[in-house]
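Lettering follows sequence order; numbering is per chain, from 1.
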Amino acid sequence: MKRSVHCGALTKADAGKTATLNGWVHRKRDHGGISFVNLRDRYGITQVVVDSDASDALKAIAAELKHEFCIAVEGTVRARPDSMVNADMATGAIELVASRIEILTRCELLPFQIDQESDAKEELRLKYRYLDLRSGGMQYRMKLRNDVSFAVREWMISQGFYEIETPTFIKSTPEGARDYLVPSRLYPGKFYALPQSPQLYKQILMVSGFDKYFQIARCYRDEDARGDRQPEFTQIDIEMSFVERDDVLAMIEGLFGHVFKKTLGVSLPAQFKRLSYDEALELYGSDKPDLRFDMRMQDFAPYVEQSSFQAFKDALANGEAERREAAAKGVTQAGGGVKALVVPGKADYSRKQIDELEAAAKIYKAKGMAWMKVAADPAGKPVLEGGASKFFADNAADLISGLGAKPGDLILLVADAKRRIANIALGAVRSKLGKDLGFCDPKVFKFAWIVDFPMFEWNEDENKWDTAHHMFTWPQEQYHATMESDPGSVKGDLYDLVLNGFELASGSIRIHDPDLQKKVFKIVGFDPAEAEKKFGFLTEAFKYGAPPHGGIAPGLDRLVMLMAGETSIKEVIAFPKNSFAVSPMDECPNEVDQKQLDELHLSIRYPEKP
RNA sequence: GGGGGCGUAGCGAAGCUGGUUAUCGCGCCGGCCUGUCAAGCCGGAGAUCGCGGGUUCAAUCCCCGUCGCUCCCGCCA
């Protein structure tokens, strides 16, 4: 009994017609004389009725049905009387009166119930992923992901981009994340690497004249997983020639505008807010701030001098020493910092709640978090009380007005000899407050560009400069002359796209000048011979008329995750790995036969047990 | 490498300061029921309290170890 229609198709207009449905028993309600089966497939759910006047044979089959049996039903479409219409169901105006039911396959007792949102533990959901994927939630998210991918291709191709595939067996290149390696059978001791991204290939495609390239590309990084990170993930990889930064940003704004409109019906602003990296860190304490709420951090240093708070004074004084030391290395963005966050109307926070906020700061290396409450004296004048207020008695009025605080507000303070730590730690507090206070509506989408990232970062462990992004990033023009003498001050032509506190895309304008590339290699201590060996093909390609170019790579998993209102990309990946990079369903990774190892010229050295 | 949390029936949870028969909801099995749509009502089965050891008259509960999962820090150009 092959289906004539799917389970979401029938409407009142079909009343009187015969139809055959195939699907799974979603629910069953047996009333003795009459019974109902909700039959489900990918398209919807249709109510099947076995009427009281049905044959005994039909009733006997209906009685056998259990959850998730795969069945075929033939019957007549009947319009439901008004009182029996189910307005919550897409097909709620009709039902199929069964004349024949065939059990295609039976289903054993389920390990968990298949509902809209399964409440089973993730471990179990992943082990029985084929069942979990039947749930309404997973079905919706897989559809959304499909729709997003389609909308991406639709837009990119309409804008003149070519989708070009690049290899997944590539040469291992230095820096960045650990590579997943594939041993070579034909060349003992040699390996392919799986790409961390198609970076080098897309740049070479620019040299080849494909001036608008994109690819929905699988990427692999052998690093520990997180809610928003999997060992394998998907990027919308994009590269363009003869463009400047703003061309890339505008192109992405167009793409996302189309994707959100087409798939969610959500209109995005034509242009996204822009923040410099320094602003993002100073105002929001993060390079991926959640802008669904404002609550900016403020500089508290001006109020420290007149106060009697020695801990804060020390932080700034030690920070001064830190700054001088950093300046000797060329780093200008160093020194101590004291940052304040005014939380409107939260002077009623309990000690416990404040302690929890402090704990959030401490995760990011803050030594502690001070706090004060703003109250009003009998004359109605704002005053400070509680916590660290006694240290600021002398300049309380000044401080309150300077911070723009009002009676009833809570003031949170973090100080550190490293300004970056003060910023990031208080930023974590801001972020926690946003969640606690219900400012993080998953249906609100606040995009922002973070631009002007530092080009180089000082590597404390190896006592050398590293590139903050990657070695092919174009240093902004105005720094080219001073780049070698003062790497710390150089800004790269780098940009991140941030959405609701997640880094959604990262990109840059690339170096197309071999001489400039050599200078960057030199600054990060990348030996020319080594560079030649690892990237020779790229530098060689660039000798043949490389165009100026740049690109970006939005993460598809994170995008769909945020669009679906989820907080883990596992929810939008059909078969994800768990947090230990294992697939519980098929038990991958697994051991292989000795024969396979022999063919690959491999022997295993197991770690010694402690 | 480090930190927080979790592990009790098929699933999700409760179990106070250690005390006799380990509780609840869903699911499952049986029965009743002619309009439900998370159907309802009655009855029933189902637990090595992750595993190992210790303390104790007595351990799901306390201690040590171990395994698994989860979130986070580090890491992720």
Worksheet item: In whole angstroms, how far is the C1' atom of B:rG4 from the NZ atom of A:K432?
Response: 13 Å

Item to complete: Using heavy atoms and a sub-4.0 Å distance, could you list which residues of residues 22-44 of chain A are near RNA chain B? By number, please.
Response: A:R27, A:R29, A:D30, A:H31, A:G32, A:G33, A:I34, A:F36, A:N38

Fill in: Length of the line joining A:K365:NZ and B:rC75:C1', which is rounded to integer Å
11 Å

Discussion item. Here's a test of your reading of the structure: between A:S579 and A:D88, which maps to the more 5' nucleotide of RNA chain B?
Written reply: A:D88

Worksheet item: Considering only the P atoms, how many Å lie between B:rG7 and B:rC61, rounded to the nearest integer?
Response: 12 Å

Worksheet entry | Electrostatic pair A:D119-A:R125, nearest N-O below 4.0 angstrom | no

Worksheet entry | Near-strand residues of residues 213-231 of chain A, defined as heavy-atom separation under 4.0 angstrom from RNA chain B | A:R221, A:E223, A:D224, A:R226, A:G227, A:R229

Worksheet item: Is A:D56 atom CG crowded by more than 12 heavy atoms from other residues, nucleotides or ligands, each under 6.0 Å away?
Response: no

Fill in: Distance between P atoms of B:rG10 and B:rA45 (Å, rounded)
16 Å

Item to complete: Using the C1' atoms only, state how far B:rA9 lies from B:rU36, rounded to an integer number of Å.
Response: 30 Å

Worksheet item: The side chain of A:N578 lies closest to which of these nucleotides: B:rU36, B:rC28, B:rC69?
Response: B:rC69

Worksheet item: Taking atom C1' of B:rA38 as reference, at what distance in whole Å does atom CD of A:Q116 sit?
Response: 12 Å

Practice prompt. Quick one: label A:E95 by what it contacts on the DNA or RNA (base, sugar-phosphate, nothing), any heavy atom closer than 4.0 Å.
Written response: base

Discussion item. Between B:rU8 and B:rC69, how many Å separate the two C1' atoms, rounded to a whole number?
Written reply: 16 Å

Worksheet item: Which part of the nucleic acid, if any, lies within reach of A:A468 when heavy atoms closer than 4.0 Å are counted: base, sugar-phosphate only, or nothing?
Response: sugar-phosphate

Worksheet entry | Rounded distance (Å) that lies between atom P of B:rG35 and atom CE of A:M89 | 18 Å

Discussion item. Could you check whether A:F233 and A:Y220 have their ring centres less than 6.0 Å apart?
Written reply: no

Fill in: Nearest-Å distance once atom C1' is located in both B:rC26 and B:rG18
31 Å

Practice prompt. Check A:R141, A:R129, A:R558 against A:E571 for a salt bridge (Lys or Arg N to Asp or Glu O under 4.0 Å) and give me the one that passes.
Written response: A:R141

Practice prompt. Please confirm whether any donor atom in the side chain of A:E123 sits under 3.5 Å from an acceptor in the base of B:rG7, or the reverse.
Written response: no

Response to the item:
A:Q47 CD to B:rA38 P, in whole Å, measures 10 Å

Discussion item. At 4.0 Å (heavy atoms only), tell me whether A:R125 reaches a base, stays on the sugar-phosphate, or touches nothing.
Written reply: nothing

Worksheet item: B:rG35 C1' sits how many Å from A:D82 CG, rounded?
Response: 14 Å

Discussion item. Are there over 12 heavy-atom neighbours, none belonging to A:K518, within less than 6.0 Å of that residue's NZ?
Written reply: no

Discussion item. If you take the centroid of each ring, where Trp contributes its six-membered ring, are A:F453 and A:H470 closer together than 6.0 Å?
Written reply: no

Fill in: Strand partner of B:rC69, provided both Watson-Crick or wobble distances fall under 3.5 Å
B:rG5

Check nucleotides 9-12 of chain B against the protein and report each pair of N or O atoms closer than 3.5 Å, with its distance, or say if there are none.
| from | atom 1 | to | atom 2 | distance (Å) |
| --- | --- | --- | --- | --- |
| B:rG10 | O2' | A:P111 | O | 3.0 |
| B:rC11 | O4' | A:P111 | O | 3.2 |
| B:rG12 | OP1 | A:K121 | N | 3.1 |

Worksheet item: Does the separation of the ring centres of A:H480 and A:W474 fall below 6.0 angstrom?
Response: yes

Practice prompt. Step through it carefully: locate the ring centre of A:W24, locate the ring centre of A:H67, and say whether they are under 6.0 Å apart.
Written response: no

Item to complete: Provide the distance between the two C1' atoms, one in B:rG43 and one in B:rG65, to the nearest whole Å.
Response: 46 Å

Practice prompt. Tell me whether the OP1 or OP2 atom of B:rC71 has a side-chain N or O from A:K570 closer than 4.0 Å.
Written response: yes

Worksheet item: Please walk me through it: do A:L181 and A:Y192 pass side chain to side chain contact (heavy atoms under 4.5 Å, CB included)?
Response: CA-CA 6 Å; A:L181 296 175; A:Y192 302 94; over 6 Å; no

Discussion item. Expressed as a whole number of angstroms, how long is the span from A:F580:CZ to B:rU70:P?
Written reply: 7 Å

Worksheet item: Where the side chain of A:Y364 is defined as all heavy atoms beyond and including C-beta, which of B:rU70, B:rC73, B:rU34 is the nearest nucleotide?
Response: B:rC73

Worksheet item: Looking only at atom P, what distance separates B:rU56 and B:rG44, rounded to whole Å?
Response: 42 Å

Worksheet item: When you check the gap from the basic side-chain N to the acidic O, do A:D355 and A:K362 get nearer than 4.0 Å?
Response: no

Worksheet item: Across all strands, who's sitting opposite B:rU17 as a Watson-Crick or G-U wobble pair, both distances under 3.5 Å?
Response: none

Worksheet item: With rounding to whole Å, what would you report as the distance between B:rU21 and B:rC29 at their C1' atoms?
Response: 23 Å

Discussion item. Tell me the interatomic distance from A:Y128, atom OH, to B:rC69, atom P, rounded to whole angstroms.
Written reply: 15 Å

Discussion item. Closest approach to the side chain of A:A177, judged atom by atom: which nucleotide of B:rC73, B:rC37, B:rC76 is it?
Written reply: B:rC76

Worksheet item: Between A:E239 and A:L205, is any pair of side-chain heavy atoms under 4.5 Å apart?
Response: no

Fill in: Mate of B:rC62 where both pairing distances stay under 3.5 Å, Watson-Crick or G-U
B:rG54

Item to complete: May I ask you to test the A:R218-A:T168 pair for a side-chain heavy-atom distance under 4.5 Å?
Response: no

Worksheet item: Between the side chains of A:S197 and A:Q235, is a donor N or O closer than 3.5 angstrom to an acceptor N or O?
Response: no

Worksheet item: Going from OG on A:S118 to CG on A:D132, what distance comes out if it is rounded to the nearest 0.5 angstrom?
Response: 5.5 Å

